[in-house]
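The structure appears below as structure tokens.
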Amino acid sequence: MKKLKQCSLGFLSFILLFLLATFIFHRISLEKEQASLTPMGQQVLVDGHQMNVYVEGSGPETIVVLSGAGIASPILDFKEVSESLSKRYKVVIVERAGYGYSNDSNHSRDVMEVLSETRQALSQANVKGPFIISSHSTASLESLAWQKKYLDEVKALIGLDWVLPSSYEDLKENQTLFTVAYWSSKIGLLRYFPESFYIKNPTLTENELEQYKLLAYKQLIPQAILHESRLVKENAKKVPSSINPILILSFL
């Protein structure tokens with residue numbers, strides 16, 4: 001038993017030292033890597049933190065792209081979409097707090113607060129509606145809230161792998177998993193994972209891959225996403241579960 005305790009204590013000490021060394025290396029690396037991060041788009045100040053707005057194309061209609069949760073770089077993830085659509089439309093990608101080149105935030109992630117920040121960011125970047133809103137996954141909640149409160153700003157909705165509000169009714173929340181992911185990101189454990197774990201776009205150039213990697217190291221699971229996960233069920237109750245038929249007709 002004595003030897004077992006000594007082995008257990010030694011193993012625990014090793015793990016703690018490993019985590020401490022990883023954290024120190026991670027913080028030093030973040031300081032050095034900050035100079036290599038080159039924002040794509042326009043930085044605007046919203047509620048005390050910087051948000052990033054990327055615009056491509058100059059068509060007569062404006063498509064606003066909203067990414068789902070847990071994406072390190074919405075601009076690079078949706079690169080093929082924006083490049084293709086920008087031939088006919090003005091394509092705008094708004095990176096929410098904690099995503100891409102936008103700062104993290106400890107503000108409320110209530111869906112109406114998130115929507116308010118998106119609208120402020122568009123206004124600060126001088127992007128005017130009405131908008132065709134293309135939202136991915138959990139961002140469906142924001143776009144549904146948008147059509148509910150500001151119908152005159154929404155010309156049409158496009159759903160990309162949407163998670164509708166009814167899907168959250170029987171959702172079993174696992175905050176432990178998100179908390180572990182958050183602290184793993186903070187400590188810097190992501191640096192030990194292969195790039196394929198968090199980069200899914202195979203069309204990126206070497207420079208874009210490097211930018212994506214640095215953004216993921218900085219904030220793959222930031223505080224804002226942790227708060228989003230905790231409020232997702234409550235947010236789902238605050239938005240309509242269907243699309244206004246006017247939006248479908250106007251898009252057709």
Side-chain angles (χ1 to χ4, degrees), residues 46-47 49 51-54 62-75 77-78 81 91-100 102 104-123 127 129-175 177-179 181-182 219-248 250-251:
V46 176
D47 291 341
H49 60 270
M51 287 182 66
N52 195 59
V53 181
Y54 175 78
T62 302
I63 298 178
V64 174
V65 179
L66 304 174
S67 77
I71 292 178
S73 176
I75 292 172
D77 253 272
F78 289 97
V81 174
V91 181
V92 184
I93 300 177
V94 180
E95 295 188 316
R96 298 194 301 278
Y99 290 76
S102 294
D104 195 7
S105 171
N106 60 1
H107 288 188
S108 168
R109 293 297 88 193
D110 178 273
V111 66
M112 301 312 297
E113 177 73 18
V114 172
L115 174 57
S116 173
E117 291 183 0
T118 297
R119 293 177 67 249
Q120 288 181 64
L122 289 169
S123 178
V127 178
F131 309 110
I132 298 170
I133 302 172
S134 176
S135 53
H136 167 239
S137 189
T138 55
S140 61
L141 300 181
E142 185 179 353
S143 57
L144 289 171
W146 207 332
Q147 68 144 14
K148 177 184 178 182
K149 191 166 183 179
Y150 305 102
L151 185 59
D152 60 317
E153 296 179 2
V154 183
K155 189 170 186 179
L157 295 180
I158 300 174
L160 304 175
D161 194 22
W162 265 17
V163 183
L164 292 171
S166 57
S167 305
Y168 293 101
E169 292 177 1
D170 300 319
L171 177 68
K172 294 181 179 179
E173 297 179 87
N174 191 345
Q175 286 305 315
L177 181 61
F178 273 100
T179 302
Y182 169 75
Q219 52 184 26
L220 182 63
I221 305 293
Q223 193 172 35
I225 290 181
L226 186 63
H227 291 336
E228 280 180 14
S229 70
R230 290 171 177 169
L231 284 177
V232 68
K233 291 190 75 170
E234 289 302 313
N235 283 335
K237 296 175 183 177
K238 297 178 180 180
V239 303
S241 58
S242 59
I243 301 174
N244 190 313
I246 296 175
L247 303 181
I248 300 174
S250 66
F251 185 57

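Atom set for the values below is all heavy atoms of this structure, side chains included, hydrogens, waters and symmetry mates excluded.
- Taking the side-chain contact (heavy atoms from CB on, under 4.5 Å) definition, one finds that P74 meets it with S67, I71, I93, E95, Y99, sequence neighbours left out.
- Put simply, the side chain of Q219 gets close to the backbone of G100: a donor and an acceptor are under 3.5 Å apart.
- Residues passing the side chain to side chain donor-acceptor pair (under 3.5 Å) test with Y182: none are found, sequence neighbours excluded.
- Applying the side chain to side chain donor-acceptor pair (under 3.5 Å) rule to E142 yields the partners T118; only residues at least two apart in sequence or on another chain are considered.
- Distance check: L231 CG to L141 CG gives 11.0 Å after rounding to the nearest 0.5 Å.
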Identify each donor-acceptor pair in which a side-chain atom of residues 156-164 lies under 3.5 Å from a protein atom, sequence neighbours left out, and give them as a table.
residue : atom : partner : partner atom : Å
W162    : NE1  : S135    : O            : 3.0
W162    : NE1  : S135    : OG           : 2.8

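- At distances below 3.5 Å, not a single donor-acceptor pair connects side-chain atoms of N52 with backbone N or O atoms of S102.
- Scanning for salt bridge (Lys or Arg N to Asp or Glu O under 4.0 Å) contacts around K148 gives an empty result, with sequence neighbours left out.
- For the side-chain contact (heavy atoms from CB on, under 4.5 Å) test, residues two or more places apart in sequence or in another chain that qualify with E117 are V46, D47, H49, M51, A97, H107, R109, E113.
- Under the side chain to side chain donor-acceptor pair (under 3.5 Å) criterion, N106 pairs with no residue at all, not counting sequence neighbours.
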Original post:
Yes or no on side chain to side chain contact (heavy atoms under 4.5 Å, CB included) for W146 and E153, after CA distance, side-chain angles and deciding distance?
Top reply: CA-CA 8 Å; W146 207 332; E153 296 179 2; 2.9 Å; yes

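- In this view, H227 satisfies the ring-ring contact (aromatic ring centres under 6.0 Å, His included) rule with no residue, not counting sequence neighbours.
- For F78, the ring-ring contact (aromatic ring centres under 6.0 Å, His included) criterion is met by H136, not counting sequence neighbours.
- Residues forming a salt bridge (Lys or Arg N to Asp or Glu O under 4.0 Å) with K149 (at least two apart in sequence, or on another chain): none.
- The side-chain contact (heavy atoms from CB on, under 4.5 Å) check on A72 picks up Y212, A216, L220, with sequence neighbours excluded.
- In this structure a side-chain-to-backbone donor-acceptor pair under 3.5 Å is missing from E228 to T138.
- For the residue pair Q147 and S143, no side-chain donor N or O sits within less than 3.5 Å of a side-chain acceptor on the partner.
- Legend: residues meeting salt bridge (Lys or Arg N to Asp or Glu O under 4.0 Å) with D104, ordered by chain and number and at least two apart, are absent.
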